[in-house]
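A quick write-up on the structure given underneath.
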Amino acid sequence: MTAPDKSTVTRFAPSPTGFLHIGGARTALFNWCYARHTGGKFVLRIEDTDKARSTPDAIDAIIRDLKWLGIDWEGEPVFQSKRDARHAEVAHELVKAGKAYFCYCSPEELETMRADALAKGEQPRYNRFWRDRDPATAPAGVKPVIRIKAPIEGDSVINDLVQGEVRVANSQLDDMILLRSDGSPTYMHAVVVDDHDMGITHVVRGDDHLNNAFRQKLIFEAMGWSVPEFAHVPLIHGPDGAKLSKRHGAQAAGEFKELGYLPEAVCNYLLRLGWSHGDDEIFTKEQASEWFELTNINAAPSRLDLKKLDHINAHYMKIADDARLTDLVLERVGATDAAHKDRLLKGMHDLKQRAATIVQLASDAQLYLKDTPFEYDEKASHTLHDHDAHHAMHYIYDALARLGADFKDTDIEAALKTIANEKYEGKLAKVMMPFRAALAGTMTSPPIAKAAEVLGQGEVMNRLKYALHWMHDHGHHHH
RNA sequence: GUUCCCUUCGUCUAGAGGCCUAGGACACGUCCCUUUCACGGAUGUAACACGGGUUCGAAUCCCGUAGGGAACGCCA
């Protein structure tokens, strides 16, 4: 043990009532980066005190998605539900210290107070009936809640690292409940006790908690605990500026995997959303953590833009390992045999240059995964209907059949160019396009001579033969 | 309703009083490259919400207005 521990501790504290929200993922990323930046710790706390809504499945899903993104945390996750006793202990300590009190009002009474306040255009609040009353006068048989004595006058100020100085009149703050009548802690109270006990120095979370920060600060101060720094980051909105919801498509971090995005691309995109380091656009989360300052988080909310994510993802696909991408494609399309996998791996280098997502890549990969007979798409069959194309196909077939068994792309291309020169006045497309249509079944593909090499002479001849039959059966346009 | 927060190209953002005739990225247009589609390269369109101050000077500071968001539970 050396100096008193002043290093940073940040946390991500999801409540397991659903999947990991994309905004939550970004919050986790910010916390992770800041902890790393300062050489501190990042911890995970599961806020599962809502027993009715928390599920083990949600916990698993959240942890799975965090891991997918590559966000790791120090130690074991803390489960808030297991800390009930400590939360109660602190609440009672506050009562003893005269900082909190028992309140015997019924939920019905509180409801009428709220309604009255609202009707008068005031902030709905508890009327502090039991604040200074002798508990001896309490009605028999009523289990009390514990409420904090909030200051009545003055202002409270928080110097938020993102939002700047935020000030609110104490008259706006309520004597909120710390411990429910059944002895369980409220969220507001549990968060403070846990943040303190876990040594959290920086609370980085969604700005929907900005108002809560004032209430929580009260509890920290009542206990004489140091108040952590706050950084309230704005929410992520849908493309239309409204709150992100199901109709915007992806909402859960896990869905991005389904949509074909790489975790490093999602991290990069999310980090860039609301945080910046000058004009830098492409960076890993490790790089970001070196630059990361909470004060560089934007105070305004931002919108999700999948087009930009596509662009970033395309970049990471280009530099991704071929074997990894091959596995991701195979995982998506289902099992295939070793020969297909081998072809796909060999062709991956050219394939990955032109796809923005794994979904597209899997679609393009059909070039290597499907066998004859296969379908020609509309444009390909149009090309194959051409009179010249039919002739060209015969020339191509004969020329490639004469090629050696090593079947190199340069030789293939040379053979095709010869045909173009001799038969089509050097118009390469006259030869290349039918060839592409026959091999790929589509009019777009990687460089087709290279694809042919990957496919191998046997498979190429198969596909050409099939195309020849198809052209014969389907007739062709005459000039 | 009350309180709090926010407001730079369509989108993400740079910008901490003069470096701003406002920069970058995505998207979009045009051109080049090219056997296709992409990639890549070049280039173009496009923004300081509005109104008042403060200042020699404001995208930057202050105040209003408008618009957007959040919070006001014995939910988290």
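Any value given below was found using the heavy atoms of this structure, including those in side chains, with hydrogens, waters and symmetry copies removed. Please read these numbers as outputs of a predicted model, since none were measured by experiment. Every chain is numbered from 1 and lettered A, B, ... according to where its sequence line falls, protein lines coming before strand lines.
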- [ ] Identify whether any heavy atom of A:K417 sits under 4.0 Å from a base atom; if not, whether one sits that close to sugar-phosphate; answer base, sugar-phosphate or nothing.
- [x] nothing

Task: Distance-only polar pair, side chains of A:T357 and A:N313, donor-acceptor under 3.5 Å - done: no

TODO: Could you tell me whether the side chain of A:R354 has a donor or acceptor atom within less than 3.5 Å of a complementary atom in the base of B:rC39?
DONE: no

Open item on the list: Under a 3.5 Å threshold, yes or no: a donor from one side chain and an acceptor from the other, between A:T295 and A:E293?
Closed with: no

Task: Whole-angstrom distance between B:rU30 and B:rG68, as gauged at atom C1' - done: 36 Å

TODO: Can you tell me the distance, in whole Å, between the CG atom of A:L173 and the P atom of B:rU2?
DONE: 18 Å

- [ ] Just compare B:rU2, B:rC37, B:rA70 and give me whichever is closest to any side-chain atom of A:Q172.
- [x] B:rU2

Task: Residue-level proximity of residues 418-425 of chain A to RNA chain B when a heavy atom falls under 4.0 Å - done: none

Open item on the list: What is the separation between atom CG on A:D386 and atom P on B:rU35, rounded to the nearest whole Å?
Closed with: 20 Å

Open item on the list: Going by the rule salt bridge (charged side-chain N to carboxylate O under 4.0 Å, His left out), which residues pair with A:R215 if we only count those two or more places apart in sequence or in a different chain?
Closed with: none

Open item on the list: Give me the distance, rounded to whole Å, that separates B:rG17 from B:rU54 when you measure between the C1' atoms they each carry.
Closed with: 11 Å

Open item on the list: Any heavy-atom pair between the side chains of A:S156 and A:L173 that's under 4.5 Å?
Closed with: yes

TODO: Give none if B:rU36 has no partner; otherwise give the nucleotide forming a Watson-Crick or G-U wobble pair with it, both distances under 3.5 Å.
DONE: none

TODO: Sort out for me which residue in A:D160, A:N211, A:D208, A:N212 forms a side-chain hydrogen bond (donor to acceptor under 3.5 Å, both in side chains) with A:H232.
DONE: A:D160

Open item on the list: Under 3.5 Å for both donor-acceptor distances, Watson-Crick or wobble: does B:rU7 have a partner, and if so which one?
Closed with: B:rA66

TODO: Would you mind pulling out the nucleotide paired to B:rA71, Watson-Crick or G-U wobble, both distances under 3.5 Å?
DONE: B:rU2

TODO: Begin from the C-alpha positions of A:H390 and A:W470 and carry the test ring pair (Phe, Tyr, Trp, His ring centres under 6.0 Å) through to its verdict.
DONE: CA-CA 10 Å; A:H390 199 170; A:W470 188 93; 9.8 Å; no

Task: Atom-pair distance (CD on A:Q353; C1' on B:rU36), nearest Å - done: 16 Å

Open item on the list: Rounded to whole Å, please give me the gap between CD in A:Q163 and P in B:rC5.
Closed with: 8 Å

Open item on the list: Rounding to an integer number of angstrom, what distance separates B:rA42 and B:rU7 when you compare their C1' atoms?
Closed with: 35 Å

Task: Anti versus syn assignment for B:rC9, with syn defined as within 90° of 0 - done: anti

- [ ] Could you note down all residue pairs passing salt bridge (charged side-chain N to carboxylate O under 4.0 Å, His left out) where residues 261-278 of chain A supplies at least one of them, sequence neighbours left out?
- [x] A:E264-A:R324, A:R272-A:E281

Task: By salt bridge (charged side-chain N to carboxylate O under 4.0 Å, His left out) - contacts of A:D174 (at least two apart) - done: none

- [ ] For nucleotides B:rA47 and B:rG23, find the distance between their P atoms and express it as a whole number of Å.
- [x] 11 Å

Open item on the list: Please enumerate all residues that pass side-chain contact (heavy atoms from CB on, under 4.5 Å) together with A:K82, with sequence neighbours excluded.
Closed with: A:F79

Open item on the list: Quick check: on RNA chain B, is the nucleotide nearest A:V162 upstream (toward 5') of the one nearest A:L235, or the reverse? Name the residue that is more 5'.
Closed with: A:V162

Task: Span that lies between the C1' atom of B:rG15 and that of B:rG24, in whole angstrom - done: 12 Å

Task: Span that lies between the P atom of B:rA22 and that of B:rA49, in whole angstrom - done: 15 Å

- [ ] Name the pairing partner of B:rU21, where a pair is Watson-Crick or G-U wobble with both distances under 3.5 Å, or state none.
- [x] none

TODO: For the residue pair A:L309 and A:F256, establish whether any side-chain heavy-atom pair is separated by less than 4.5 Å.
DONE: yes

TODO: Take nucleotides 12-26 of chain B nucleotide by nucleotide from the 5' end and write B, S or -, depending on whether a protein heavy atom sits under 4.0 Å from the base, only from the sugar-phosphate, or from neither.
DONE: BSS--------BBBS

TODO: Could you check how far CG of A:N211 sits from C1' of B:rC5, rounded to whole Å?
DONE: 8 Å

Open item on the list: Which residues pass the side-chain contact (heavy atoms from CB on, under 4.5 Å) test with A:A13, not counting sequence neighbours?
Closed with: A:R11, A:R45, A:E47

Open item on the list: For B:rC61, give the paired nucleotide (Watson-Crick: N1-N3 plus N6-O4 or O6-N4; G-U: N1-O2 and O6-N3; both under 3.5 Å), or none.
Closed with: B:rG53

TODO: Assign A:P234 to base, sugar-phosphate, or nothing according to its heavy-atom contacts below 4.0 angstrom with the strands shown.
DONE: nothing

TODO: Would you mind reading off the distance between A:D350 atom CG and B:rU34 atom P, rounded to a whole angstrom?
DONE: 17 Å

TODO: Within residues 432-441 of chain A, find the residues that approach RNA chain B with a heavy atom at under 4.0 Å, and present them sorted by residue number.
DONE: A:M432, A:M433, A:R436

Task: Residue pair A:K217 / A:V157: nearest heavy atoms and the distance that separates them - done: NZ-O, 3.1 Å

- [ ] Tell me the partner of B:rG29, counting only Watson-Crick (N1-N3 plus N6-O4 or O6-N4) or G-U wobble (N1-O2 and O6-N3) with both under 3.5 Å; none if nothing fits.
- [x] B:rU43

Task: All side-chain hydrogen bond (donor to acceptor under 3.5 Å, both in side chains) counterparts of A:Y101, not counting sequence neighbours - done: A:D175

All N/O contacts under 3.5 Å from nucleotides 72-76 of chain B to the protein, with atom names and distances to one decimal?
| residue | atom | partner | partner atom | Å |
| --- | --- | --- | --- | --- |
| B:rC72 | O2' | A:P124 | O | 3.4 |
| B:rC74 | O3' | A:R180 | NE | 3.2 |
| B:rC74 | O2 | A:S181 | N | 3.2 |
| B:rC74 | O2 | A:S181 | OG | 2.9 |
| B:rC74 | N3 | A:S181 | OG | 3.0 |
| B:rC74 | N4 | A:C105 | O | 3.2 |
| B:rC75 | OP2 | A:R180 | NE | 2.1 |
| B:rC75 | OP2 | A:R180 | NH2 | 3.2 |
| B:rC75 | O3' | A:R180 | NH2 | 3.2 |
| B:rC75 | O2' | A:D50 | OD2 | 2.7 |
| B:rC75 | O2 | A:R53 | NH2 | 3.3 |
| B:rA76 | OP1 | A:T49 | OG1 | 3.4 |
| B:rA76 | OP1 | A:R180 | NH2 | 2.6 |
| B:rA76 | OP2 | A:R180 | NH2 | 2.7 |
| B:rA76 | OP2 | A:Y187 | N | 2.9 |
| B:rA76 | O3' | A:E47 | O | 3.2 |
| B:rA76 | O2' | A:S15 | OG | 3.0 |

Open item on the list: A side-chain contact here means heavy atoms from C-beta on lying under 4.5 Å apart; do A:S445 and A:D350 qualify?
Closed with: no

TODO: Would you mind reading off the distance between A:H237 atom NE2 and B:rG67 atom P, rounded to a whole angstrom?
DONE: 17 Å

Task: Rounded distance in Å - CZ (A:F230) to P (B:rA71) - done: 17 Å

Task: Same-atom distance (C1') from B:rA46 to B:rG51, integer angstrom - done: 25 Å

Open item on the list: Please enumerate all residues that pass salt bridge (charged side-chain N to carboxylate O under 4.0 Å, His left out) together with A:K99, with sequence neighbours excluded.
Closed with: none

Task: Separation between the C1' atoms of B:rC6 and B:rG29, rounded to whole Å - done: 33 Å

Donor-acceptor contacts, no H, no angles, side chain residues 15-23 of chain A, under 3.5 Å, sequence neighbours left out:
| residue | atom | partner | partner atom | Å |
| --- | --- | --- | --- | --- |
| A:H21 | ND1 | A:G23 | N | 2.9 |

